[in-house]
2 protein chains.
Amino acid sequence: MKLNTKSRYAVMALADMSKFPINNPVSLRDISLRQSISLLYLEQIFIKLKKNDIVKSVRGTNGGYVLKRDPKNIKLSEIFQALDQKVKTVGCKKDSKKGCNGKSAKCITHELWDELEIYINNFFENKKLSDLSLTKGDI
Amino acid sequence: MKLNTKSRYAVMALADMSKFPINNPVSLRDISLRQSISLLYLEQIFIKLKKNDIVKSVRGTNGGYVLKRDPKNIKLSEIFQALDQKVKTVGCKKDSKKGCNGKSAKCITHELWDELEIYINNFFENKKLSDLSLTKGDI
DNA sequence: GAATACTTGACTATTTTAGTCGGGTATATA
DNA sequence: TATATACCCGACTAAAATAGTCAAGTATTC
Ligand code: FES
Ligand code: FES
């Protein structure tokens with residue numbers, strides 16, 4: 001079970017932004033330098049964050065991105081969703097009646113994995129961006 | 001975040017076994033048929049389970065594998081460990097002082113991911129094989 | 001009009017996953 | 001003791017996912 005870099009960087013970048021006065025555009029270039037994340041990669045990530053109403057963009061000189069909401073109201077689960085990062089522990093399609101083995105019933109472990117999936121999603125659901133942006137002084 | 005098939009199948013196979021009288025060897029062929037898992041793949045999986053003292057093998061005709069311990073004493077975390085399935089949410093090496101970006105300090109999100117890693121590992125640590133083998137009547 | 005910074009789709013190398021294959025060895029039972 | 005059953009184990013491979021890069025823009029401010 002691994003977390004991909006896209007989600008990790010997304011949270012890192014947003015945490016970085018949330019350290020600055022809101023409504024003050026933060027450029028990807030700056031985030032890239034501070035957090036050592038490839039600028040090109042960040043661009044890809046922010047397109048998705050924008051589409052999902054987590055940030056908004058300000059174009060032109062001194063532009064950048066701005067958090068669209070208070071960090072207190074941004075759940076990690078939303079960030080993950082924005083990046084199509086899903087927690088998938090079951091081997092089957094959830095809403096299908098078929099099991100992971102192609103049989104007509106769910107397998108003997110299905111319930112367990114489902115429980116795990118809910119368990120993990122709970123973590124993301126209950127964590128807000130603000131929960132981590134304030135923990136440390138350094139950027 | 002996805003769970004790989006090896007771990008999923010391992011748990012499935014062990015759950016299958018635990019439905020039968022202990023000390024009664026269960027052949028991989030039977031498990032393969034019942035659970036629709038490739039026999040060749042199962043072999044690969046069971047070599048590892050054996051090396052990690054979760055099952056023992058009985059060779060020859062009517063042989064198979066036997067659980068080495070009571071399902072009550074087999075934690076999911078052990079099964080995962082046996083298959084080198086690690087939960088990895090941080091981007092850095094845990095015991096290194098360096099961060100995921102190659103810098104000398106841990107990044108701003110490190111603590112969060114570490115917390116998640118512990119959270120998930122907890123799940124596996126607290127689940128026993130017996131917790132799922134008895135839930136359903138069917139195999 | 002020059003510089004800054006966002007926008008977007010396509011492309012690619014690398015790694016991981018999910019298996020398969022081949023050629024063994026050990027044991028029970030007929 | 002022959003044969004079938006079933007474990008043993010390293011090497012191999014196709015396919016998918018990941019982690020980016022690249023090229024060619026557009027919008028805005030100074
Ligand atoms: S995981 Fe859903 S049926 Fe096996
Ligand atoms: S995840 Fe450990 S330093 Fe970034």
Side-chain angles (χ1 to χ4, degrees), chain A residues 1-10 12-13 17 24-33 35-52 54-68 80 83-89 91-92 100-102, chain B residues 1-10 12-13 17 24-52 54-68 80 82-89 91-92 100-102:
Chain A
M1 305 210 71
K2 269 203 306 198
L3 193 60
N4 65 12
T5 55
K6 249 175 195 160
S7 321
R8 210 166 40 227
Y9 290 167
M12 206 185 292
M17 285 177 67
N24 183 41
V26 180
S27 76
L28 293 188
R29 193 174 150 276
D30 287 354
I31 298 178
S32 165
L33 290 172
Q35 307 298 336
S36 308
I37 304 170
S38 147
L39 174 59
L40 293 156
Y41 206 27
L42 274 178
E43 286 180 344
Q44 214 183 95
I45 292 168
F46 272 76
I47 296 280
K48 298 205 176 195
L49 291 176
K50 188 191 168 194
K51 272 188 190 150
N52 283 270
I54 294 168
V55 296
K56 64 184 172 198
S57 67
V58 179
R59 301 183 76 156
T61 313
N62 293 322
Y65 281 96
V66 175
L67 287 175
K68 214 164 169 185
F80 274 57
L83 293 158
D84 312 307
Q85 172 72 348
K86 285 183 195 101
V87 176
K88 177 151 170 96
T89 56
C92 60
C100 53
N101 41 25
Chain B
M1 307 211 70
K2 270 202 305 197
L3 194 59
N4 64 13
T5 56
K6 249 175 195 159
S7 321
R8 210 166 41 228
Y9 290 167
M12 207 185 294
M17 284 178 67
N24 183 41
V26 180
S27 76
L28 293 188
R29 193 173 151 277
D30 287 355
I31 298 178
S32 165
L33 290 172
R34 277 195 296 264
Q35 305 300 336
S36 308
I37 304 170
S38 147
L39 174 60
L40 292 157
Y41 206 26
L42 275 178
E43 286 182 345
Q44 213 183 95
I45 292 168
F46 271 76
I47 297 278
K48 298 205 174 194
L49 291 176
K50 189 192 169 192
K51 272 187 188 150
N52 283 268
I54 293 168
V55 296
K56 63 183 174 199
S57 66
V58 180
R59 301 182 77 154
T61 313
N62 294 322
Y65 282 96
V66 175
L67 286 176
K68 213 163 170 184
F80 274 57
L83 292 159
D84 312 306
Q85 171 73 348
K86 287 183 193 101
V87 175
K88 176 150 172 96
T89 55
C92 59
C100 53
N101 41 26

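Just so it is clear: chains get the letters A, B, ... in the order the sequence lines come, proteins before strands, and each one is counted from 1.
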Checklist entry - In this structure, are over 12 heavy atoms from other groups packed under 6.0 Å from K56(B) atom NZ? => result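 Count not over threshold, so no.
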Checklist entry - Could you give the start and end, 5' to 3', of the contact zone on DNA chain C for chain B, using atoms under 4.0 Å from its heavy atoms? => result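 For DNA chain C, the relevant span reads dA18(C) to dT29(C).
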Would you be so kind as to tabulate the donor-acceptor pairs closer than 3.5 Å made by side chains of residues 36-45 of chain B, with sequence neighbours excluded?
from: S38(B); atom 1: OG; to: L40(B); atom 2: N; distance (Å): 3.3
from: S38(B); atom 1: OG; to: Y41(B); atom 2: N; distance (Å): 3.1
from: Y41(B); atom 1: OH; to: T5(B); atom 2: OG1; distance (Å): 3.1
from: Q44(B); atom 1: OE1; to: K6(B); atom 2: NZ; distance (Å): 2.9

Could you give the distance from [atom1] ([X]) to [atom2] ([Y]), rounded to the nearest 0.5 Å?
X: S7(B); Y: K48(B); atom1: OG; atom2: NZ; result: 10.0 Å
X: L49(A); Y: S57(A); atom1: CG; atom2: OG; result: 12.0 Å
X: L3(B); Y: Q85(B); atom1: CG; atom2: CD; result: 5.5 Å
X: C92(A); Y: R8(B); atom1: SG; atom2: CZ; result: 8.0 Å

Checklist entry - Reading nucleotides 6-18 of chain D from the 5' end, what letters show protein touch, with B for base, S for backbone sugar-phosphate only, - for no heavy atom under 4.0 Å? => result SBBB-B-------
Checklist entry - Nearest-Å distance, CE (M12(A)) to P (dA19(D))? => result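 My rounded result for the distance is 12 Å.
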Checklist entry - Taking C-beta and beyond as the side chain, do K2(B) and T89(A) meet within less than 4.5 Å on heavy atoms? => result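 No. Closest side-chain heavy atoms not under 4.5 Å.
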Checklist entry - How about V58(A) and Y65(A): do any of their side-chain heavy atoms sit closer than 4.5 Å? => result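 SC-SC contact between V58(A) and Y65(A) ruled out.
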